[in-house]
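Predicted model, so just to flag it, every value in this text is computed and none were measured. Naming: A, B, ... by sequence-line order, numbering from 1 per chain.
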There are 2 protein chains.
Amino acid sequence: MYKKVARREDIIQAAIEVFSKKDFQSASISEIAQRAGIANGTIYQYFKNKEDLFFSIPVEKTNEFRSQVALHLEGITGVFNKIRKFVWYFLYFFKNNPEYGRLLMLELRVNRSFVKTETYDFLKQSVRSVWDIIEEGQKEGVIRTDVDIYVLRHLVLGILEHMVSRWLLKDAQYDILEHHQQVSRILIDALRGGIPVAVD
Amino acid sequence: MYKKVARREDIIQAAIEVFSKKDFQSASISEIAQRAGIANGTIYQYFKNKEDLFFSIPVEKTNEFRSQVALHLEGITGVFNKIRKFVWYFLYFFKNNPEYGRLLMLELRVNRSFVKTETYDFLKQSVRSVWDIIEEGQKEGVIRTDVDIYVLRHLVLGILEHMVSRWLLKDAQYDILEHHQQVSRILIDALRGGIPVAVD
DNA sequence: TATCAATTATGAACATAATTCATTTTTATT
DNA sequence: AATAAAAATGAATTATGTTCATAATTGATA
């Protein structure tokens with residue numbers, strides 16, 4: 001290896017700055033190159049094309065989200081406590097990473113090419129914890145089994161992603177964490193269904 | 001008025017056909033013009049630019065959705081029966097209009113410019129019925145009031161939009177209507193909260 | 001330190017596609 | 001048939017992603 005490949009990071013950093021202000025279409029390669037202090041062509045030494053560069057941006061943050069979710073759930077006992085923590089951390093994370101949120105929620109998550117990438121697989125893994133928690137609850141008998149687990153996952157991720165998306169489209173004007181307890185409350189009621197609260 | 005303005009409809013029709021196969025970026029004005037049997041420049045007599053044309057596509061369908069939701073809810077008594085019907089019709093509509101779904105769910109709904117258009121206002125109005133139903137339920141005392149109504153709306157629209165989006169990204173391979181009863185069930189449990197079922 | 005080859009960077013040239021606008025064609029009215 | 005308003009045209013312009021032949025840089029070697 002000759003020169004350090006820190007150059008690749010420079011380009012991604014410049015791309016983050018440009019893409020967080022403009023969307024995929026209006027962000028230009030020239031602007032990214034200029035901000036990175038390199039020539040246009042150099043970008044194509046490191047990335048196949050504009051989309052490849054675009055898709056490379058969220059890799060790091062996605063890994064951060066994934067490991068942090070696991071860390072925050074560590075040591076917590078009780079399925080519903082885990083749900084509460086997941087809800088809180090999900091909203092907390094996007095509150096603190098709105099640029100990543102914009103990229104992920106408003107562009108990548110609905111992009112047919114992106115959902116085929118490895119990064120998206122990583123994302124699914126992190127969100128897999130929701131599945132695990134629900135399964136655990138069903139085994140313990142505290143989460144309903146009369147509803148398909150896919151539907152329950154749609155419920156949890158649906159409200160969270162919807163909240164974050166709408167919040168971002170309203171320019172993150174209000175505090176998205178404000179109602180996290182209410183969100184947990186209704187989700188738990190939905191997941192529990194008719195099962196009464198255990199009194200041990 | 002000289003010539004009929006049905007020409008505008010021709011362009012929109014051609015645009016629908018092209019945009020349902022390709023996304024905003026890869027659909028070209030030339031292809032739309034060709035399919036409409038006109039010259040490129042003519043499109044700009046009717047639309048400000050490519051985005052304006054793109055945003056004009058969903059107007060008709062959005063109005064159809066709006067009026068049909070109202071029609072389907074007509075005459076139904078009981079807040080939870082209305083919820084069930086809304087859930088069913090929402091999924092039913094997108095099952096039968098996947099191209100519109102792709103446009104709306106995967107492109108427009110997350111587009112910052114689109115959410116400022118009049119068409120989006122129309123859409124919000126149709127979805128406003130969710131708000132009305134919840135409010136009605138709260139007044140009747142069958143829907144919880146310990147949770148912000150915005151959060152309850154996020155819950156309902158969140159799961160529905162999430163289901164439709166993921167279904168479309170999976171190329172509409174399975175039957176999205178299959179679980180509509182389960183969806184209604186968990187939503188009702190969530191909306192009711194601790195309030196017991198009325199026995200009248 | 002000079003040389004050299006592998007690596008990396010360059011930016012003008014190219015390709016594609018949106019948009020403009022001076023001109024032409026069509027339409028309705030007299 | 002003459003006329004003017006309206007509509008359509010498509011070549012020219014503009015904008016931008018991508019390529020590639022050439023130049024510059026780097027680190028090993030003598």
Going by the rule ring pair (Phe, Tyr, Trp, His ring centres under 6.0 Å), which residues pair with B:His72 if we only count those two or more places apart in sequence or in a different chain? B:Trp88, B:Tyr89
By salt bridge (charged side-chain N to carboxylate O under 4.0 Å, His left out), A:Lys22 pairs with (sequence neighbours left out) A:Glu31
Salt bridge (charged side-chain N to carboxylate O under 4.0 Å, His left out) contacts touching residues 97-107 of chain B (sequence neighbours left out): none
Figure out the NZ/P separation between A:Lys48 and D:dT18, and round it to whole Å. 9 Å
Please report, rounded to the nearest Å, how far the P atom of C:dT8 is from the CG atom of A:Asp10. 14 Å
To the nearest 10 degrees, how far apart in direction are the end axes of the helix from C:dT1-D:dA30 to C:dT30-D:dA1, each fit to five base pairs? 10°
Applying salt bridge (charged side-chain N to carboxylate O under 4.0 Å, His left out), which residue pairs with at least one partner in residues 68-86 of chain B are found, sequence neighbours left out? B:Lys82-B:Glu136
Reckon B:Arg7 has a side-chain N or O less than 4.0 Å from the OP1 or OP2 of D:dA8? yes
Between P on D:dA7 and CD1 on B:Ile43, what's the gap in Å once rounded to a whole number? 17 Å
Sugar-phosphate means primed atoms, P, OP1 and OP2; the rest is base. With that split, encode nucleotides 12-17 of chain C 5' to 3' as B, S or - using protein heavy atoms under 4.0 Å. ------
What is the distance, rounded to the nearest whole Å, between atom CG of A:Asp52 and atom C1' of D:dT18? 13 Å
Establish, from distance only, whether the side-chain atoms of A:Thr62 and A:Tyr120 form a donor-acceptor pair under 3.5 Å. no
Here the distance between atom C1' of C:dT19 and atom CD1 of B:Ile32, to the nearest Å, is 14 Å
Rounded to whole Å, CZ of B:Arg8 lies from C1' of D:dA7 at a distance of 15 Å
What contact category does B:Ile38 fall into here, base, sugar-phosphate, or nothing, at under 4.0 angstrom with non-hydrogen atoms? sugar-phosphate
Qualifying residues under ring pair (Phe, Tyr, Trp, His ring centres under 6.0 Å), relative to A:Phe80, sequence neighbours excluded: none
Residue pairs, two or more places apart or on separate chains, that pass salt bridge (charged side-chain N to carboxylate O under 4.0 Å, His left out) and touch residues 174-185 of chain A: A:Lys95-A:Asp175, A:Arg185-B:Asp146
So salt bridge (charged side-chain N to carboxylate O under 4.0 Å, His left out) across residues 124-134 of chain B, not counting sequence neighbours, yields B:Asp121-B:Lys124, B:Arg128-B:Asp132
Listed nucleotide nearest any side-chain atom of A:Tyr46, set C:dT19, D:dT9, C:dA9: C:dA9
What's the OH-P distance between B:Tyr44 and D:dG10, to the nearest Å? 16 Å
Keeping the roles fixed (side chain from B:Asn111, backbone from B:Phe114), state whether a donor-acceptor pair exists under 3.5 Å. yes
Measure distances between side-chain N and O atoms of A:Gln45 and base N and O atoms of C:dA9, and say whether any donor-acceptor pair falls under 3.5 Å. yes
Please give, in whole Å, the distance from C:dA9 C1' to A:Phe47 CZ? 15 Å
